[in-house]
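Below is one structure, written out as structure tokens; the observations come after it.
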Protein chains: 2
Amino acid sequence: MATIALLGLEKKSLREQALAALRTAITSGALEPGRHLVETELSEMLQISRGTLREALRQLQQEGLVSAGARGRLSVRHLDAKEIRDIYSVRAALESLAARTLCELPDRQHVIGSLRASIQAMESATQGTLEERVESDLDFHRTMCRLTGNETLLHSWESLEGSIRMSIMFAGLEKGVRNMSVDRHNDIVAAIETGDATLARDTIREHMDSAAAVLVA
Amino acid sequence: MATIALLGLEKKSLREQALAALRTAITSGALEPGRHLVETELSEMLQISRGTLREALRQLQQEGLVSAGARGRLSVRHLDAKEIRDIYSVRAALESLAARTLCELPDRQHVIGSLRASIQAMESATQGTLEERVESDLDFHRTMCRLTGNETLLHSWESLEGSIRMSIMFAGLEKGVRNMSVDRHNDIVAAIETGDATLARDTIREHMDSAAAVLVA
DNA sequence: CAGAGGTCGACTGTTTACAGTCGCCGTGTT
DNA sequence: AACACGGCGACTGTAAACAGTCGACCTCTG
């Protein structure tokens, strides 16, 4: 196998570059689910030492992209239908909290603006590649979490992000993208704007349920 | 032979031992918040090499017990009142999902039994040390997440566990323990038993809100 | 031919060594 | 006295080496 490029991240530590490269390799399918990850092999691909690689792998493991087998053997995690549904349940819970938090803000104009901008970016990406559309979709949801100002919430969501990407990849990008609807996002923002936390929660739950359903179909 | 089985169970990697030791050191206050963590210093304390230590630190970092400063300098995370409230918000969201999931199970008898057993253990610990009482309390909540069978949910909760422990420590064990009520837990189980997800959610939220309020007071 | 060793190879666990960087502090200059 | 400079020490980033373990395959023996 050819080397995995570490482009665009020259400023950061090798560990972070490796982490990003591995994440991409896994969520893009270059490293297919179930694949056994051999440290010496990967460190050669990435042109880094094993020690540095191992640090990155620990992080990946915690994110759930990599799972441990006997004697520390690592492999790319394989997601089955139930796991995808589970991931989306947790995702829905986190994003519902995000929406509720935003609903309770006294002044939501700035928040609404940012969210609408994110939706706009998504509309612009309609003509782009599948990957770009997925990115813009995840951006919206990540933005929602970030705008709450709750770092713990954002961090929890981000540690789920890799699994979400894998879910989409697992089911095929087409399916994942087909489910992405600008309308749904507009509904969420509208609910937040009126401060209706219950409606926002229900909208998000429906969004997540149908997304999970499409992915496992 | 018993010895063979025991060998497999008690032998963990140095990394895991170090991880557990560091977690304990931080949540017990031996390593106070804000303290700068020097790798060579820690590796000497723990009698392990820096490489092994660094892997453990990455995991600790992801759990939020350790935060990174300039040039990779790590220090024990310091939680302020807002962060504690934020952590408990996310915790409430996750446990609400757990309760709702359990409410939707067709046959909940086994679950109810396990939860009541956990509460029983908590009552037994009433006479124990403060640490033991905190442990039994966390056990109940962790059990609730585990019983859902949603590994992602359990994992998300567990990655918050360290922060929860820090919150309790930050406010002083007495305060944390004073807030632990067997009644509250019984209320949660009762709600799950009747399948009333809304009631379970509200009970958990109140529980979490008041816990956070006590801790930051 | 079956099965008990026994060597080999492939990995992971762990340690040790080396390189780079930043702040500190003393020194010399003006 | 203020300031620029340069050596020094303290850390982190990174690499390379060493050790232990388990499975595969091969061989010898009954």
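Throughout, a chain's letter reflects where its sequence line sits, starting with A, and its residues are numbered from 1.
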Original post:
Between dT14(D) atom C1' and K12(A) atom NZ, what is the distance in whole Å?
Top reply: 19 Å
Subject >> ring-ring contact (aromatic ring centres under 6.0 Å, His included) partners of residues 92-151 of chain A, not counting sequence neighbours, each pair once >> reply: F140(A)-H185(A), H141(A)-H185(A), H141(A)-H207(A)
Subject >> Pairs satisfying ring-ring contact (aromatic ring centres under 6.0 Å, His included), at least one member in residues 17-46 of chain A, at least two apart >> reply: none
Original post:
What is the distance from atom CG of L94(B) to atom OG of S89(A), rounded to the nearest 0.5 Å?
Top reply: 11.5 Å
**OP:** Figure out the CD1/P separation between I48(B) and dT14(C), and round it to whole Å.
**Re:** 9 Å
**OP:** Could you list the residues that satisfy side chain to side chain donor-acceptor pair (under 3.5 Å) with T52(B), not counting sequence neighbours?
**Re:** S49(B)
**OP:** Would you indicate, yes or no, if dT14(C) has its OP1 or OP2 atom less than 4.0 angstrom from a side-chain nitrogen or oxygen of S49(B)?
**Re:** no
**OP:** Please state how far atom CG in L46(B) lies from atom P in dT15(C), giving the value in whole angstrom units.
**Re:** 11 Å
Original post:
Just how large is the angle between the end axes of the helix from dC1(C)-dG30(D) to dT30(C)-dA1(D), five pairs per end, to 10 degrees?
Top reply: 20°
Subject >> Selection residues 151-171 of chain A - residue pairs positive for side-chain hydrogen bond (donor to acceptor under 3.5 Å, both in side chains), sequence neighbours left out >> reply: E95(A)-W157(A), E135(A)-R165(A), R142(A)-E161(A), E161(A)-R165(A)
**OP:** Give, ordered by number, those residues of residues 55-67 of chain A having at least one heavy-atom distance below 4.0 Å to an atom of DNA chain C; if nothing qualifies, reply none.
**Re:** R58(A)
**OP:** Hey, could you give me each pair passing salt bridge (charged side-chain N to carboxylate O under 4.0 Å, His left out) that has a residue in residues 26-49 of chain B? Not counting sequence neighbours.
**Re:** E32(B)-R35(B), R35(B)-E41(B), E39(B)-R50(B), E39(B)-R54(B)
Original post:
Taking CD from E44(A) and P from dA16(D), how many angstroms apart are they, rounded to a whole number?
Top reply: 11 Å
Is there any protein nitrogen or oxygen under 3.5 Å from a nitrogen or oxygen in nucleotides 10-12 of chain C, and what are the pairs?
{"unit_1": "dT12(C)", "atom_1": "OP1", "unit_2": "L37(A)", "atom_2": "O", "d": "3.2"}
{"unit_1": "dT12(C)", "atom_1": "OP2", "unit_2": "E39(A)", "atom_2": "N", "d": "2.9"}
{"unit_1": "dT12(C)", "atom_1": "O3'", "unit_2": "R71(A)", "atom_2": "O", "d": "3.4"}

Subject >> Test item: L22(B) and V66(B) side chains (from C-beta on) under 4.5 Å apart, heavy atoms >> reply: no
**OP:** Return the value, rounded to whole Å, for the distance between atom CG of L19(A) and atom P of dG13(D).
**Re:** 14 Å
Original post:
How would you list all residue pairs meeting side-chain hydrogen bond (donor to acceptor under 3.5 Å, both in side chains) that involve residues 71-83 of chain B, not counting sequence neighbours?
Top reply: K82(B)-D86(B)
**OP:** Would you list the pairs meeting salt bridge (charged side-chain N to carboxylate O under 4.0 Å, His left out) in which at least one residue belongs to residues 58-68 of chain B, sequence neighbours left out?
**Re:** E55(A)-R58(B), R23(B)-E63(B)
**OP:** Only counting residues at least two apart or in another chain, list the ones meeting side chain to side chain donor-acceptor pair (under 3.5 Å) with N150(B).
**Re:** none
Original post:
What residues form a salt bridge (charged side-chain N to carboxylate O under 4.0 Å, His left out) with R116(A), not counting sequence neighbours?
Top reply: E193(A)
